[in-house]
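Quick note on labels: first sequence line is chain A, next is B, and so on, each numbered from 1. Computed from heavy atoms alone, side chains included, the values below leave out hydrogens, waters and symmetry copies.
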Amino acid sequence: MRKSLKKATAKGMKEIYGADVAPDIIQVQRTKSEFSADLTIVVFPLVKYSRKKPENTANDIGVYLKHVFPDISSYHVIKGFLNLSFSSEFWLQQLNSHSRAIQNALVPESKMKIMIEYSSPNTNKPLHLGHIRNNFIGDAMSRIVKANGHDVIRVNLINDRGIHICKSMQAYLNFDPDGSPEKSGLKGDKYVGELYVKFENTYKSEIDKLKKEGLSEEEAKKQAPGMQKARALLKKWEEGDDKVIALWEKMNNWVYKGFDTTYQRMGIEFDQLNHESKTYKKGRSIVLKGLEDGIFYEKDDHSVWADLGDEGLDEKILIRSDGTSVYITQDIGTAVERFEKYNPDKHIYVVGNEQNYHFQVLKILLKKLGYDWADKIEHMSYGMVELPEGKMKSREGKVVDADDLMDEMFQTSKSMSSELGKLSDLTDEQKNGVYETIAMGALKYFILKIDPRKNMVFNPEESVDFNGNTGPFIQYTHARIRSVVRKAEKMNIRVPRLISEDIRANEKELDLIKLLYHYNMVLKDAADEMDPGLIANYAFELAKEFNQYYHEYSILKAENGNLLQFRLMLAYHVGETLKLMMSYLGIQVPEKM
RNA sequence: GGUCCAGUAGCUCAGUUGGAUUAGAGCAACGGCCUUCUAAGCCGUAGGUCCCAGGUUCGAGCCCUGGCUGGAUCACCA
């Protein structure tokens with residue numbers, strides 16, 4: 001409707017004033033709630049074409065549009081705002097077609113193949129709150145983009161090689177050479193993570209000791225025996241030493257197993273797993289080729305650099321003096337590989353804003369290397385998660401572990417739910433399912449409702465609420481609706497497919513239908529702006545609006561059968577829309593809670 | 001120091017390419033509403049110098065300039 005309004009307005013401008021106006025400059029927005037109308041056209045931008053006062057221009061267009069669209073029941077003009085009201089018949093008709101509408105993905109102007117990379121963990125540490133935000137955002141964006149009618153490839157780049165995993169390996173050999181997650185009773189990623197911490201601690205004390213013996217900080221770091229051993233492991237790994245590779249595989253597999261459990265609980269999936277160990281060499285050879293071609297340069301110590309001076313940036317190292325490649329070099333390799341293999345129309349990297357510079361440089365380097373597709377890379381840069389006392393610091397143990405957090409959410413959900421006691425007719429297994437659904441809903445919603453670009457504060461004690469603007473609030477609204485539908489079915493009343501013709505909807509009902517009608521705009525905006533928060537806000541608005549309605553009017557005790565059916569149908573569609581919107585956030589909604 | 005990002009109620013956040021004499025939610029606080037479809041709900045009260053100062057225009061929380069405060073980044077870590 002928006003689009004056709006824009007077109008019609010442009011056409012009207014031509015017919016009334018003989019002015020050529022591009023439809024794009026015409027602003028059509030939802031009418032502010034203080035005014036009783038549905039859509040508003042802002043005419044200020046049109047005044048220079050009409051050469052009339054805003055009021056007169058608005059009036060002229062109003063007359064024209066009302067003539068073109070029979071569905072427009074009335075219009076009125078306030079200053080430069082043309083408020084259009086649509087007839088209730090029009091809106092009731094919209095409700096009739098709503099169920100069909102929400103079953104299909106949107107049809108995009110041009111369908112794209114979009115690759116989305118997210119999660120991308122290191123294999124030396126368990127997942128924490130920061131990863132949670134990354135995973136939730138990446139997962140939600142994948143769902144949203146897909147719902148907009150695009151093809152999505154979800155990819156996880158696992159950082160499985162490098163000095164960090166060698167540190168864990170070194171600690172394993174040193175402290176627990178026959179150990180395993182099973183023997184320790186720990187999850188695989190936790191077990192390896194603890195070894196990593198052990199390494200770091202002994203490393204630290206080794207450095208302190210060497211410093212006391214008179215070495216500089218830098219020297220001490222180099223000479224610490226633990227570090228030297230870890231480096232030796234890395235070297236052996238790169239040389240393909242059988243024993244080292246076997247150990248590396250064994251430990252990584254422990255970690256993967258642990259990650260899988262966490263991913264599964266979070267409801268996170270991927271279409272592809274990339275392992276850095278398999279791609280890290282590619283970037284190196286590309287850079288060396290670039291060196292041959294004179295795009296990069298070599299220093300005396302044989303390290304390879306890119307000069308980014310003409311971009312207003314520094315020089316950037318690409319290959320170390322010992323011939324090994326750095327992070328960005330590997331990223332060049334994986335990017336080239338992906339574009340060669342899949343040729344996506346867009347490649348979104350969901351990575352924290354601390355890496356803004358990295359991606360800026362990555363795109364520049366790819367362009368320098370002559371890859372035109374570099375412009376198809378988008379860094380979806382999200383803000384950090386901070387604790388009330390400041391940034392999370394893994395070294396000081398100030399991290400919120402992903403598994404622990406989910407456990408806590410579950411416990412809260414369970415005790416709250418048990419207190420309310422509305423699930424008495426369910427089995428224990430079913431109950432646990434509901435607790436989990438609510439717990440994850442609360443957590444996901446809490447994180448996703450916030451604009452990804454912004455840093456957010458997470459207070460483990462009180463942040464995640466179950467009242468107000470929360471996941472459970474929306475889940476609850478859905479459960480309520482389902483309960484009504486079930487009751488109706490017991491009364492042998494089915495949700496009708498079409499509204500009977502003599503229905504006269506009240507204002508609240510029309511408001512709800514209008515809100516339902518806007519769902520696809522929200523879905524499109526969420527994809528365009530890359531902001532799942534828009535979906536969350538919409539779902540909240542809809543749930544809130546419905547709860548008010550629910551409180552004010554009885555569905556099952558409506559004055560007559562036709563009205564009852566209409567209200568039931570309306571409620572049902574609100575429920576389905578909530579369910580759908582929440583599904584785009586990766587959140588499930590229960591039948592009862 | 002250079003670059004980038006942010007600053008809205010006590011707290012956590014909305015505010016969609018600048019729009020409507022009154023800047024919105026939720027939490028926390030206070031006061032109401034369960035004999036009625038699920039009270040994880042609904043209604044109400046209170047709470048603001050939109051960091052500060054200029055500028056741009058019909059019109060600024062939003063745009064520009066300069067400050068202040070906080071964060072990120074500028075590694076032969078990833």
Side-chain angles (χ1 to χ4, degrees), chain A residues 24 27 29-35 40 42 44 47 54 78-81 83 120 122 124 159 161-164 276 299 301 303-305 312-314 316-322 324-328 330-331 352-358 360-361 381 383-384 386 388 390-391 413 416-417 419-420 422 438 442 446 449-451 453-459 462-463 465-477 479-488 521-522 525 528-529 531 533-534 536-537 540-541 543-544 547-548 550-558 567-568 571 592-593:
Chain A
D24 287 344
Q27 291 179 35
Q29 43 193 239
R30 269 169 74 182
T31 303
K32 301 250 168 182
S33 53
E34 305 96 89
F35 303 92
T40 295
V42 185
F44 289 107
V47 174
I78 302 172
K79 295 183 183 174
F81 300 94
N83 292 338
S120 304
N122 286 348
N124 61 330
N159 195 346
R161 68 162 286 278
I163 191 70
H164 53 82
E276 206 156 83
K299 289 195 177 174
D301 60 1
S303 55
V304 178
W305 297 74
L313 302 172
D314 265 337
K316 176 83 188 172
I317 188 160
L318 301 173
I319 293 179
R320 298 187 187 100
S321 49
D322 66 2
T324 57
S325 51
V326 297
Y327 172 45
I328 199 156
Q330 296 171 26
D331 256 11
N353 62 14
E354 57 197 352
Q355 292 195 32
N356 287 353
Y357 182 75
H358 172 80
Q360 190 189 352
V361 172
S381 160
M384 298 290 99
E386 285 165 18
K391 224 196 149 190
S413 155
M416 213 157 184
S417 207
E419 212 171 293
L420 291 167
K422 294 178 187 176
I438 295 170
F446 182 83
K449 77 173 173 184
I450 294 166
D451 186 334
R453 286 170 276 272
K454 294 194 173 175
N455 286 0
M456 61 176 285
V457 177
F458 186 93
N459 185 335
E462 51 189 66
S463 264
D465 229 311
F466 291 74
N467 301 312
N469 185 359
T470 65
F473 172 87
I474 295 162
Q475 292 173 319
Y476 175 72
T477 308
R480 260 183 160 178
I481 291 171
R482 296 305 302 166
S483 170
V484 173
V485 171
R486 281 193 302 272
K487 284 233 163 85
M521 274 169 29
V522 175
D525 286 350
D528 291 347
E529 314 258 327
D531 183 2
L534 297 177
N537 286 340
F540 176 61
E541 199 185 340
K544 204 178 145 163
N547 278 326
Q548 289 168 358
Y550 178 90
H551 187 257
E552 204 169 332
Y553 300 95
S554 176
I555 296 163
L556 298 178
K557 289 184 182 155
R567 287 184 175 172
L568 183 64
K592 294 179 184 177
M593 68 181 274

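When the side-chain hydrogen bond (donor to acceptor under 3.5 Å, both in side chains) test is applied to A:Asn537, no partner is found at least two apart in sequence or on another chain. A:Ala571 pairs by the side chain to side chain contact (heavy atoms under 4.5 Å, CB included) definition with A:Ile481, A:Phe546, A:Ile555, not counting sequence neighbours. Under the side-chain hydrogen bond (donor to acceptor under 3.5 Å, both in side chains) criterion, A:Ser303 pairs with A:Asp301, A:Trp305, not counting sequence neighbours. Applying the side chain to side chain contact (heavy atoms under 4.5 Å, CB included) criterion to A:Arg480, with sequence neighbours excluded, gives A:Tyr476, A:Asn547, A:Tyr550.
Separating the NZ atom of A:Lys449 from the C1' atom of B:rG26 is a distance of 6 Å, rounded to the nearest angstrom. As a whole-Å value, the separation of A:Asp451 CG from B:rU12 P is 16 Å. B:rG26 atom P lies 12 Å from atom CG of A:Asp465, rounded to whole Å. Atom CZ of A:Phe466 and atom P of B:rU38 are 22 Å apart (whole Å). Atom CD1 in A:Ile450 sits about 12 Å away from atom C1' in B:rG26, given to the nearest Å. The CD atom of A:Glu552 sits 17 Å away from the P atom of B:rC34 (whole-angstrom rounding). Here the P atom of nucleotide B:rG10 and the CG atom of A:Asn459 are 18 Å apart, to the nearest Å. Note: CZ (A:Phe446) to P (B:rA14) measures 11 Å, nearest angstrom.
Only the P atoms considered, B:rG59 is 14 Å distant from B:rU21, to the nearest whole Å. Using C1' as the reference atom, B:rA29 and B:rC34 are 23 Å apart when rounded to the nearest Å. Nucleotides B:rA25 and B:rU45 have their P atoms positioned 11 Å apart, rounded to a whole Å. If you take atom C1' in B:rA46 and the same atom in B:rG24, they sit 16 Å apart, rounded to whole Å. Distance noted for atom C1' between B:rG15 and B:rA72: 25 Å (whole Å). Taking atom C1' on both B:rA28 and B:rU69, the two are 26 Å apart, rounded to the nearest angstrom.
Contact annotation: side chain of A:Ser321 to base of B:rC76, donor-acceptor pair present below 3.5 Å.
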Listing time: all N or O pairs from protein to nucleotides 3-7 of chain B that are below 3.5 Å?
none

Is there any protein nitrogen or oxygen under 3.5 Å from a nitrogen or oxygen in nucleotides 43-47 of chain B, and what are the pairs?
residue: B:rC43; atom: OP1; partner: A:Gln548; partner atom: NE2; Å: 2.9

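No engagement by A:Met384 is indicated, since no non-hydrogen atom pair under 4.0 Å with the nucleic acid exists. Backbone-only engagement by A:Phe473 is indicated by non-hydrogen atom pairs under 4.0 Å involving sugar-phosphate atoms exclusively. Counting non-hydrogen atoms under 4.0 angstrom, A:Asn124 reaches nothing in the nucleic acid.
Base orientation of B:rC34: syn (glycosidic angle within 90° of 0).
In this structure, the side chain of A:Asn455 engages the main chain of A:Met384 through a donor-acceptor pair within 3.5 Å.
The aromatic ring of A:Phe81 does not stack onto the base of B:rG19, failing the criterion of a centre distance under 5.5 Å from the six-membered base ring together with planes under 30° apart.
Checking B:rG41, B:rA78, B:rC37 against the side-chain heavy atoms of A:Arg480 singles out B:rG41 as nearest.
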